[in-house]
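Take a look at the structure set out below.
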Amino acid sequence: FLLELPGSSWMIDSPRWNAVLAAAIGRLGGVSTIFLTHRDDVADAARYAQHFGAQRIIHVRDRSAMPDAEIVIEGDDAVPYGSCTIVPTPGHTRGHCVLHYGEYLFTGDHLAWDAQRAALTAHPNVCWYDWPTQLRSVARLRDLSFSWILPGHGERVHLDPSAMRTMLGDIAA
């Protein structure tokens, strides 16, 4: 995803290098920050960072996937960063994090929308670290208010924040 903010833009997770995509992002003003939700979605973040002069953010527990990241998140407490909040959500990987911005939650591989069930879901079959930890991380997200889920895989979804909280509780239970 590309999150355009006043004065800067963020790339959330990284695709493989694509010169046409980089040029299009450049026409929009480039990116200042590349937020990496977790270790297996870093792709060519280093190349995009070099191209745009951007800083990369990753959690210390997934840092081995991007050892030269400029900003490293530690611990499990939410971290305000500019107008965004980085929320560590270990489970899918040890260092997985989500990004909260206003009504938007960029979930990486932590949560997704299940269109068949018309419900938020998390996937134990693709949990690379620890399923009970991931469920505790899901439960922590009920404290946030958001109406959009923008996952790393699958469809985005817009719901009332109270419906989001209810579904998060259902997953955590």
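Linking ILVMFWY residues whenever their side-chain heavy atoms come closer than 4.5 Å, directly or via other members, leaves I73 and L36 in distinct clusters. I34 is connected to L28 through a chain of hydrophobic side-chain contacts under 4.5 Å among Ile, Leu, Val, Met, Phe, Trp and Tyr, so both are in one cluster. Cluster annotation: L141 and L159 are assigned to the same hydrophobic cluster (Ile/Leu/Val/Met/Phe/Trp/Tyr, side-chain heavy-atom contacts under 4.5 Å, transitive).
The shortest distance between side-chain heavy atoms of M66 and D68 falls below 4.5 Å. Here the side chains of Y48 and V31 are not in contact, with every heavy-atom distance at 4.5 Å or above. Looking only at side-chain heavy atoms (C-beta outward), I12 and T37 come within less than 4.5 Å of each other. The shortest side-chain heavy-atom distance between D109 and V126 does not fall under the 4.5 Å cut-off. For the pair T85/L144, no side-chain contact is recorded, criterion being any heavy-atom separation below 4.5 Å from C-beta on. Residues L5 and C84 are in side-chain contact: their nearest non-hydrogen atoms beyond the backbone lie under 4.5 Å apart. Within the 4.5 Å cutoff, side-chain heavy atoms of I171 are placed close to those of L135. Side-chain contact check for I25 versus H51: every heavy-atom pair is 4.5 Å or farther apart.
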Stepwise side chain to side chain donor-acceptor pair (under 3.5 Å) test for R165 and S162
CA-CA 5 Å; R165 277 190 291 283; S162 63; 5.3 Å; no
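Side-chain atoms of S137 and R140 include no donor-acceptor pair closer than 3.5 Å. R39 and S64 share a side-chain donor-acceptor pair at under 3.5 Å.
Here D44 does not pair with R47 in a salt bridge; the nearest charged N to carboxylate O distance is not below 4.0 Å.
Aromatic ring orientation, F146 versus H100: perpendicular (interplanar angle above 60°, classes split at 30° and 60°). Aromatic ring pairs are classed by plane angle as parallel below 30°, tilted from 30° to 60° and perpendicular above 60°; the pair H92 and W128 is tilted.
Side-chain atoms of E103 do not come within 3.5 Å of backbone N or O of W148 as any donor-acceptor pair.
Considering Y101, Y81, Y104 as possible partners of W10, the one that fulfils the ring pair (Phe, Tyr, Trp, His ring centres under 6.0 Å) test is Y81.
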